[in-house]
Every structure is written in C-alpha cells, then in structure tokens.
Number of protein chains: 2
Amino acid sequence: MTHATERSPEGRPARPTLEAVARRAGVGRGTVSRVVNGAPGVSEQARAVVEQAIAELGYVPNRAARTLVTSRTDAVALVIPETESRLASEPFFAQIIRGVASELSETDMQLLLILVRTDQERTRLASYLSGHRVDGVLMVSVRTDDPVLDLLERIGVPAVLGGRRSLTEPLSYVDCDNRGGAQSAVRHLVRRGCTRIATITGPLGMEAGRSRLLGYRQALEEVGLPYTEELVVHGDFTEETGHRMMAGLLRQRPDLDGVFAASDLTAVGALRALREAGRGVPDDVAVVGFDDSSVARHTDPPLTTVRQPTEQMGRTMARLLLEEIAAPSRTHHRVELPTELVLRASA
Amino acid sequence: MTHATERSPEGRPARPTLEAVARRAGVGRGTVSRVVNGAPGVSEQARAVVEQAIAELGYVPNRAARTLVTSRTDAVALVIPETESRLASEPFFAQIIRGVASELSETDMQLLLILVRTDQERTRLASYLSGHRVDGVLMVSVRTDDPVLDLLERIGVPAVLGGRRSLTEPLSYVDCDNRGGAQSAVRHLVRRGCTRIATITGPLGMEAGRSRLLGYRQALEEVGLPYTEELVVHGDFTEETGHRMMAGLLRQRPDLDGVFAASDLTAVGALRALREAGRGVPDDVAVVGFDDSSVARHTDPPLTTVRQPTEQMGRTMARLLLEEIAAPSRTHHRVELPTELVLRASA
DNA sequence: AGGCTTCGTGGGAGCGCTCCCATCACCATC
DNA sequence: GATGGTGATGGGAGCGCTCCCACGAAGCCT
C-alpha cells in the first residue's frame, strides 16, 4: 500500500475531500470540518492529527460545496459604471481597485470586478445581484439617479458606495470632503489675488460635482466675492469639455483671472484652451484642478490640485463592507476622508 | 391559494429552486434543467410551460449547486502582479481590464481580479489556483522567472498570458510586436537625422524589455550605425529610473542626439532630466517613448511614442481563454498584434 | 454512589443542481 | 399484430460540505 494519490479514471489526481481527510486522520467528518473552520470544541490532539492529514493530502476545501450549504459566497463585487473611457484615463479607478484588493487580500474573499457600460449590462447586473451571487457590493462613481442603487437597497445586500448620491445617502458610503477640498482650492486662488474666479463643474448628477460647486461658492461668499452664473459653466469631468468650456468662458468673460476645474482632466483641457488663447498660466489666469491624478504632475505648467486619498478610500470601502457582511445591521456607515491641496505651478 | 412567494422563517423571500419551477410547470426536474441549459430533447410545449414558470417565479439557477456537480466554476481570474504602484500610474492595466471585461460581459463568465504584490500573496495565489477555483487564468506583465507560471503549466489550467516569458513561450499568449515597434521608433529617429541614439531599456527580466532592446539594435544595424554598450542603459519602465538613467547618460555621452525610452513613463523621466540639463527637445535631443499611455499627450513637448493596442490585447486574451476552456487542447495559441508609431512633438 | 452537566465526537440529513438510466408513448416496419 | 426503434420525460443518485443532534466519557455536585 503506497501513499499514491487517488486518481479518477482519466488519470488526473482526484482532489481530496473532507471525507478523505477524516478517514486518514481516523476521525469523523464533523471534526475535520471544525478544524478547517477554526470552530471551538476540538481537542488539541484531534486538531493535530487532522492538520497533519490535511497537509499530507494537500486538502483544499471545495468552495462550491460550502457555498451551497451556507449560502455565503465569500465573494464581493466591485461595480464600476464606466461611461466612456474614464476607466483608462483616470487613475482614480485603478487606485480604488488597488485599495479594495489590498484590503481583501488579507481575508479569503474573492474580488469580482463588474464593469457596466451599457444599459443592457445594467440589466444583467440587476439580475446578477438579485441572484445572491455575492456577499456584498462595492460601487463607485455613483450617479444620483442610478436604478441599481435602489435595487441594492431593496434586496438588502450589504453595500458600500464610493461617493454618495446626496447628502442624505441612505446606503453606507466612503467619500472624500469634496466641498472642503473645493473650498480650499478657491481660497488659494483668492489668497494669490484672484478676484474673478470661474469654475468648470463636474456632472451635477453626481454629488461630487455638486459638492465641489458648493465649496467654490462658499469660498467666494466667505470673502465677499460675488457668485455669478456667468462664471459657472458645466462640465462632466472630461478633458474635452474642459477645453470647450474654458474657450467659451474666455469669450464670455475675458477678464477672468482664476479657474477652479472640478477635475484634473478638466483642468488639462482648460490649460490647452488658455494656451490657445495666449493667456499665461498662472500669471494671467491661475488654474486649480481636483484629484491629483497622475497627469497633474506632467502638465505645462504642473497643476496645483486637490488630492483625494483614493487608495485609502478603496481600502476603507472594503473594510466597511466586510464589517457589514460579518454583522448585518440597520445602521449604515458614513465616512468622509479629508483632502489636501497640492501646490504646483499652475496657481 | 395566493401567488405569494414562499418565505423562510425569517420572512425573507426564499429563492425558488429547480424543483419549485418543475412543480409549478407540472414537469420533472430533468425537463426544467434541460430547458435552463438549452439542451436538446425538449418538446416545444414543455419548453413553453417551463419558461413561463421560470418567469413567474423569477427563477435564477444556483451557481454553487451547479459548480458542485459539474466542477465548472464559470469564472476566470485576471492576475496582475503589480510591483510598486504601476497599476495606478499605467493605464496599461486599466485598458487590459477593460478589454477583458468587455469580452467576458457577453458570456456569463465572472471576472475575478487578483492583485499580487508580495511573495506571500504569490503563495496564496498558488494554493488558490491549485484549488481549481477558476476555469481559466489570464495573467499580464509576466516576468521570465515567475514560479506561478510553472505552476500553471503543471496543473494544466487553461491560461493565456499578456506578453510572454520568451520567444518560445509554451503557454498561450497575446503580445504586441515589441521588437517591430521599437524598430519603427528608432528608424524614425534615424530618419530625422539622429546618429547617436541611446536607449533606456525596460526590465530585461521581461520579454517586452528584451524585445524592445532587440528592435533598437536591429534598427541601428540596418542603417549601419554602431551598437555600443555605452548608449544602452537599463531601466525598469518607471519614471524615476528614466530620470536617473537619462541624467547619467548625458554625463557619459553629452553628444547624444536621440533617445528611445522603452516606456512612456521612462520617457517622461528622461524629458525631465533633459530639461534640467538645458537640452532642447526635440532639437538637441529627440525622444521617443513606448505605450502611448495617457501621459504621452500631456508631456512638454508631447511625446512621440509607439502605440500598442492594449484594449484589443485584453479582448483577445479573454477570447482565446474562452476557446481553450470550451475545447481544451494541447495546441496553444500565439498572437502578436501590430503596433503603430504616433508622431507628436518630441521627435 | 447516583445523577448532573460538560466536553469532544461521529455521522445523518440535506443544500440545489446535473447526470444518467429506466420508462413510456408513439410511430414505422416486417 | 408483433417488433423495434425514436424522442420526450421523470426521478434516483450523488457532488462535498455544514449543521445539528445524539452519544459516550469524564468530571462535578449533592
């Protein structure tokens, strides 16, 4: 009798089961299961024998079997609704992914990535989520009217958002202090002497867009500068609209001397428009962005911007989600992380 | 008798099972299973009744139960070994993810994302893969000596690499024409009159690094320019070493008039060193990068670079993997996609 | 000494599905 | 009319695990 691994008819080594481990260790299935799951009520001696057998056989629990009976899946989904190609151009998403993955890697939770682009994929996602295929859901870049979020609330899956839909977000979320960050950006422009400060907003369908606009407004008001519609143009975080809006702004208000762009990409577009218009940055017009994405360091001139702790946001989201999965409760978590103004040459 | 959903003791609606559908449709489990899986041998009539019942009950198959018996998991893993913070700074990874996700979204395969940073995580990955928890594996940014790859070969999981370990890669892979791309970059430098062309290589532990160096060498040789060790310095695709290596190069060979950087990030570092040394780009020194990552458009001057079809690579990888899963065979796939030189202002 | 917990343990039941085989109705054939 | 397909169907067995209950061996109290 050798120690040769059991083999199925085709000759591939058959994976050892709980049963096999139990037989080898000379104990019952229950005991092995308790050892594997770290459950109490196992004698030191039994535990040792079982662990030995597990090692010898190279036993790895069958996740599907476990899921079938516990109906835990040990998986969480990270949902990224990436309209356009923002995923590729904005390091934001990659950093969130990094944070989430690194927090999860210490547990044995699997990370499922779900990119949602079309409405059709949105529908699939809905049926996916109602199929209880994950223990929890992380979702970033949320828009106020996203129907998937209502679904999440309705079916009661543990969920944590990156960002929020409104100031009264009912779901758990992790956000950065968008309002405060914007305010500090505009305060900086004021401090350096700008008096006619415009803003190119983000999409107002996202709370981040609205809050950054609010921060702009509050910073103006606190120093008594007028808030005028003329100096507020609406963008969508992309470079392209940043460029177009800035060009329009210059035509409308040639006298402006400062711009707060609601994202770095928007700022990049704005810088281009300013260059084309022959305006010097920061001397004629000072520019501040938001995000501190990797382009910020490479623009000409390098961009003064508001850094948000993206990776930490991802990490926090994952941690909160794990907590909610472990101890489901009606109370939701709300976390707001601070931002930081990064001074470079553009303002 | 109402149509009310069955409920478990806690009041949460119980998910309908195959059995429930069968009862409602007045057929056996077998028939429902055949309908759900699109298997032949079901009468039109039975199919209609079953589909009706499925719709009424909102039945969604339990994946775990299915996996338990078929030992298919309907999931593939995308493994990204991201030493340092390359994931965040290089859009490469995000684009690969996009490509993979978009190809997969048309099937009902799940995408599992696995980031591997430490050696400990590497070990976990190994045990993960030997646990047969996915039907296939995608892996990018492969290093020649990565032990995980041997493991993949050994356990025979379907796998497709993004990039390859050597020119004789035994596993299936999708790569871009690194050698040809580098060659076209250097040819361009030659064409614009450069005669003392240096290169800052990528890590030579990756085939991409070696092939790009080879392309550089071949381009020189075909026009009779000498290949000298002095003009070849070794980097690792990062900005930081690009900067340091370029500075060293300038000290060593102040007469150089062209640089081929093996990545855009490296080129960015090189541009900075050149600026600090007071050299004009492209007039004193022309610079070409590789990747056409998003920074390339924003550098000063904008970077001439070699575009690789990253998203298409991701898409192709996923497609090949699905094929290998569907029809396992000993023959592996090798795909090499073309690159394209993108002319901007730096050369 | 007898009854009481307490602890460690074994193993039956069952999660929801697929696989496969036995069955049956039906029709074509000799 | 008996025979032999053929195609549709139902349901048993079993995938590998957790849950839980029953059981025996100690240890504790009165």
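Chain identifiers are assigned alphabetically (A, B, ...) following the order of the sequence lines, protein sequences preceding nucleic acid strands; residue numbering begins at 1 within each chain.
By the 4.0 Å N-to-carboxylate-O rule, B:R133 lies too far from A:D108 to be salt-bridged with it.
Checking each of B:R143, B:R122, B:R117 against B:P81 for a side-chain contact (heavy atoms from CB on, under 4.5 Å) leaves exactly one that passes, namely B:R122.
Between A:S33 and the phosphate of D:dC17, there is no side-chain N or O to OP1/OP2 separation shorter than 4.0 Å.
Looking at B:Q312 and B:V174, their side chains never come closer than 4.5 Å, going by heavy atoms from C-beta outward.
Toward the 5′ end of DNA chain D lies the nearest nucleotide of B:G26, the other residue of the pair B:G26 and B:A65 mapping further downstream. Between A:P40 and A:G30, it is A:P40 whose nearest contact on DNA chain C lies nearer the 5' terminus.
Rounded to an integer number of Å, the gap from B:R63 CZ to C:dC17 P is 13 Å. The distance from atom CD of B:E19 to atom P of C:dC15 is 10 Å, rounded to the nearest whole Å. The nearest whole Å value for the distance from the CG atom in A:L18 to the C1' atom in D:dC15 is 13 Å. Whole-Å rounding puts the B:R29 CZ to D:dC15 P distance at 15 Å. A:N62 places its CG atom 6 Å from the C1' atom of D:dG16, with the value rounded to the nearest Å. The separation between B:L68 atom CG and D:dG14 atom P is 14 Å, rounded to whole Å. Between the CZ atom of A:R72 and the P atom of D:dC17 there is a distance of 14 Å, given to the nearest Å. Rounded to an integer number of Å, the gap from CZ of B:R66 to C1' of D:dC17 is 20 Å.
Shown here for B:Y173 and B:V160, the closest heavy-atom pair between the two residues is CA-CG1, 4.2 Å.
With distances taken from any side-chain atom of A:T31 to the nucleotides D:dG16, C:dT9, D:dG10, the minimum falls on C:dT9.
Using modelled atom types and a 3.5 Å distance limit, the side chains of A:S102 and A:R315 yield a donor-acceptor pair. For the residue pair A:R72 / A:T67, no side-chain donor-acceptor distance below 3.5 Å is found, with atom types taken as modelled. Between B:E121 and B:Y128, the side chains place no donor N or O within less than 3.5 Å of an acceptor N or O (distance only, hydrogens not considered).
In this structure, A:R34 reaches the bases: a heavy-atom distance under 4.0 Å links it to at least one base atom across the strands shown.
Residues from residues 41-50 of chain A placing a heavy atom under 4.0 Å of any atom in DNA chain D do not occur.
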